[in-house]
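The next block holds one structure in the form of structure tokens; read it before the comments.
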Amino acid sequence: MNDPQQGAVPKQSLPVVQPRFFTMPKLDERLKVIVYEPKLYEKRKFRKEDKVMRYAAYMRISSEEQVGNYSIDAQRRAITTWVQAQDGQLVKLYIDEAQSGRTAHRPAFLQMRQDAHNSKFDALVVHKFDRFARNRTDALAIKSLLRYDYNIKVFSATEPSEDSDGPIGALIEGIMECVAEWYSRNLGSEISKGKLEKGTQGLHNNNAPFGYKRNGRYLAPNPDEVPGLIMAFQEYSTGKYSYADLAKLLNKHSYKNTSGRLFSKEAIRGILRNKIYLGQVKHQETTHNSQGRRTFTAPVQWFEGQHEPLIDEELFARCQSVRGERTTHRQARHKYNPYLLRGLIYCHNCCANAPENTDFPAWDKMHAQAQGKHSYLYYRCNSRTNGFSCQQPGVHIEPEFWIAFGC
């Protein structure tokens, strides 16, 4: 028998690996963060990009004829589908019905801007950008306000946008804004052309004025209003009545203006100088200022109408002569007399003793007035100009008050 060599290391048997009762599962990156770095997980859990995006939708239709024609429903469905595809949450709807996109003074649109300022949503969605605005200046200004000042993204459910497609989206979005404004301007031009032709043919374009009613395309005398109209012209031609006196007289005889409200002195002024009662029709081109509001600076054209005159030329001329002889006062513009409380204060006497037949909200407001080459500034009750009796005297504003405010 051969003995093993001296100094050799004997072989050792390897340990037998026994099966484990529990094995740690393989962790993905999210579970590793939760198990090994819980503090880092808590920070990541509340990251802004992990939150659900809150979307608001703005929808608009342009005219009364579109109300009820399913356009709003179609816009809502398209926007809702788009938001669901983005895994977002639609938190609020802003809807303007019968509102032009040429102006930014729309009720729901203004409310949307206020809510955006208060961070009530993270992004705004429209069906098409022409629903947002048809005025390129407004579109650029308000979108910049939303995106860069309020940190609100602006998307379209059917068109590329700056926030969804980057530079190429910004280019297409700008083109669509130009197209929307062109469409609106071109449509307005065609409508103005049609109104001019209608006036040339002696047809009245707008709603029937006081004293007339619609009979198809033509104006016809309204037997319920003609006596009040003739009374107003006859009494004013005597020189004993002011606009406010005539408003009070017509209100006393239960006449209402074309809006169904009580007469004001402004309504009487418009009636007494309206040549439509001589059998003529008026045309004035519609113009707008930079804010989209209508201006009345375009020249006025008068055409021979196809309706029956209600006032003879002699009576109408006497009324114009009285208007020229009476001293009139025009309210100075805001930039000359800075009334800080303009449109904010109300008459105490009229608020405490409201007549039963007052159906419009601003009847008891105090309006600003200046006399003596703007040396005396007042607030006066509006109820007098609307045909009511009020014992509240004018509230004089001391000049030192304005000097204290640097005016």
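These figures come from a predicted structure and were not determined experimentally. If you read the sequence from its start, that first residue is 1, and numbering goes on from there.
- Under the 4.5 Å side-chain criterion, counting only non-hydrogen atoms from C-beta, Ile95 is in contact with Ile72.
- Considering only heavy atoms from C-beta on, Leu315 comes within 4.5 Å of Gln234 through its side chain.
- For Asn215 (side chain) and Tyr218 (main-chain N/O), no donor-acceptor pair under 3.5 Å exists by modelled atom type.
- Contact detail for Asp96 and Ala108: the closest heavy-atom pair is OD1-N, 2.9 Å.
- In this structure, Asn186 places its CG atom where more than 12 heavy-atom neighbours from other residues, nucleotides or ligands lie under 6.0 Å away.
- For the atom pair OH of Tyr243 and CD of Glu266, the computed distance is 10.5 Å after rounding to the nearest 0.5 Å.
- Looking at Glu159, its side chain does come within 3.5 Å of a backbone N or O of Phe129 through a donor-acceptor pair.
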Next on the checklist: Walk me through whether Leu246 and Leu272 qualify under side-chain contact (heavy atoms from CB on, under 4.5 Å).
Outcome noted: CA-CA 11 Å; Leu246 287 178; Leu272 293 176; 4.1 Å; yes
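- Between the OH atom in Tyr212 and the CG atom in Asn207 there is a gap of 15.5 Å [rounded to 0.5 Å].
- For the side chain to side chain contact (heavy atoms under 4.5 Å, CB included) with His204, the qualifying choice from Gln280, Arg214, His283 is Arg214, the only one to do so.
- Using modelled atom types, no side-chain atom of Arg134 and backbone atom of Arg185 make a donor-acceptor pair closer than 3.5 Å.
- No side-chain donor-acceptor contact under 3.5 Å links Thr80 to the backbone of Arg77.
- Sorted by first and then second residue, the pairs that involve residues 140-155 and meet salt bridge (charged side-chain N to carboxylate O under 4.0 Å, His left out), not counting sequence neighbours, are Lys143-Glu173, Lys143-Glu177, Arg147-Glu162, Arg147-Asp163, Arg147-Glu173.
- Taking OG of Ser237 as the start and CD of Gln320 as the end, the distance is 11.0 Å to the nearest 0.5 Å.
- Of the charged side-chain nitrogens involved, at least one lies within less than 4.0 Å of a carboxylate oxygen, so that Glu314 and Arg318 count as a salt-bridged pair.
- Contact of the Arg60 side chain with the Ser71 side chain is not registered, since no non-hydrogen atoms from C-beta on lie closer than 4.5 Å.
- Shown here for Gly199 and Asn205, the closest heavy-atom pair between the two residues is N-ND2, 4.2 Å.
- When all heavy atoms of Lys213 and Pro223 are compared, the pair lying nearest together is NZ-CD, 4.3 Å.
- In terms of heavy-atom proximity, His117 sits nearest to Tyr150 at ND1-CE2, 3.3 Å.
- Checked against Tyr55 for a ring-ring contact (aromatic ring centres under 6.0 Å, His included), the options Trp82, Tyr94, Phe121 give a single hit: Trp82.
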Q) Can you check side-chain contact (heavy atoms from CB on, under 4.5 Å) on Phe263 and Ile271, steps first, answer last? A) CA-CA 11 Å; Phe263 278 95; Ile271 288 175; 3.7 Å; yes
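- With rounding to the nearest 0.5 Å, the separation of CE in Met112 from NZ in Lys120 is 13.5 Å.
- Lys248 and Asp245 are not joined by a salt bridge, as no carboxylate oxygen comes within less than 4.0 angstrom of a charged side-chain nitrogen.
- Within 6.0 Å of CZ on Phe303 lie more than 12 heavy atoms contributed by other residues, nucleotides or ligands.
- The environment of Glu285 atom CD is sparse: at most 12 non-hydrogen atoms of other residues, nucleotides or ligands sit within 6.0 angstrom.
- Using a distance-only test at 3.5 Å, with no hydrogens or angles considered, a donor-acceptor pair links the side chain of His253 to the main chain of Leu249.
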Where do Ile276 and Lys282 land on the side-chain contact (heavy atoms from CB on, under 4.5 Å) test, with the steps shown first?
CA-CA 7 Å; Ile276 196 170; Lys282 172 184 174 182; over 6 Å; no
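- Heavy-atom minimum distance, Ala157 versus Ala78: CB-O, 4.1 Å.
- Summarising the local packing, CZ of Arg136 is surrounded by 12 or fewer heavy atoms from other residues, nucleotides or ligands at distances under 6.0 Å.
- Annotation: side chain of Pro107 is in contact with side chain of Gln99 (closest heavy-atom distance under 4.5 Å).
- In terms of modelled atom types and a separation under 3.5 Å, the side chain of Gln306 and the main chain of Leu203 share no donor-acceptor contact.
- With rounding to the nearest 0.5 angstrom, the CD1 atom of Ile152 is 8.5 Å from the CG atom of Leu124.
- Residue Trp302 places its CH2 atom among more than 12 non-hydrogen atoms of other residues, nucleotides or ligands, all under 6.0 Å distant.
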| message | Working note: Tyr58 + Gln75, criterion side-chain contact (heavy atoms from CB on, under 4.5 Å); need CA distance, chi angles, decisive distance, verdict. | response | CA-CA 9 Å; Tyr58 177 75; Gln75 294 180 50; over 6 Å; no
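- Here the side chain of Asn135 pairs a donor or acceptor atom with the backbone of Thr137 at under 3.5 angstrom.
- Ala116 and Leu146 make their closest contact through CB-CD2, 3.6 Å (heavy atoms, listed as atom of the first residue, atom of the second, distance).
- By the 4.5 Å heavy-atom criterion applied to side chains, Leu310 and Leu229 are counted as neighbours.
- For the residue pair Ser161 / Ser164, a side-chain donor-acceptor distance below 3.5 Å is found, with atom types taken as modelled.
- Asp87 is not listed as a side-chain neighbour of Val52, based on a closest heavy-atom distance of 4.5 Å or more.
- Residues forming a ring-ring contact (aromatic ring centres under 6.0 Å, His included) with Phe132 (at least two apart in sequence, or on another chain): Phe109.
- Formation of a donor-acceptor pair under 3.5 Å by the Ser156 side chain with backbone atoms of His127 is found in this model.
- One distance of note links CG of Leu278 with CD1 of Ile311; it measures 8.0 Å at 0.5 Å rounding.
- Side-chain contact between Met53 and Gln86 is absent, with no heavy-atom pair separated by less than 4.5 Å.
- For the pair Thr103 (side chain) and His105 (backbone), a donor-acceptor distance under 3.5 Å is present.
- Side chains of Ile268 and Leu250 form a contact here, defined as non-hydrogen atoms less than 4.5 Å apart.
- Ser184 contributes no side-chain N or O that, together with a main-chain N or O of Glu181, makes up a donor-acceptor pair within less than 3.5 Å.
- With no hydrogens or angles considered, a side-chain donor-acceptor pair links Gln111 and Asp115 at under 3.5 Å.
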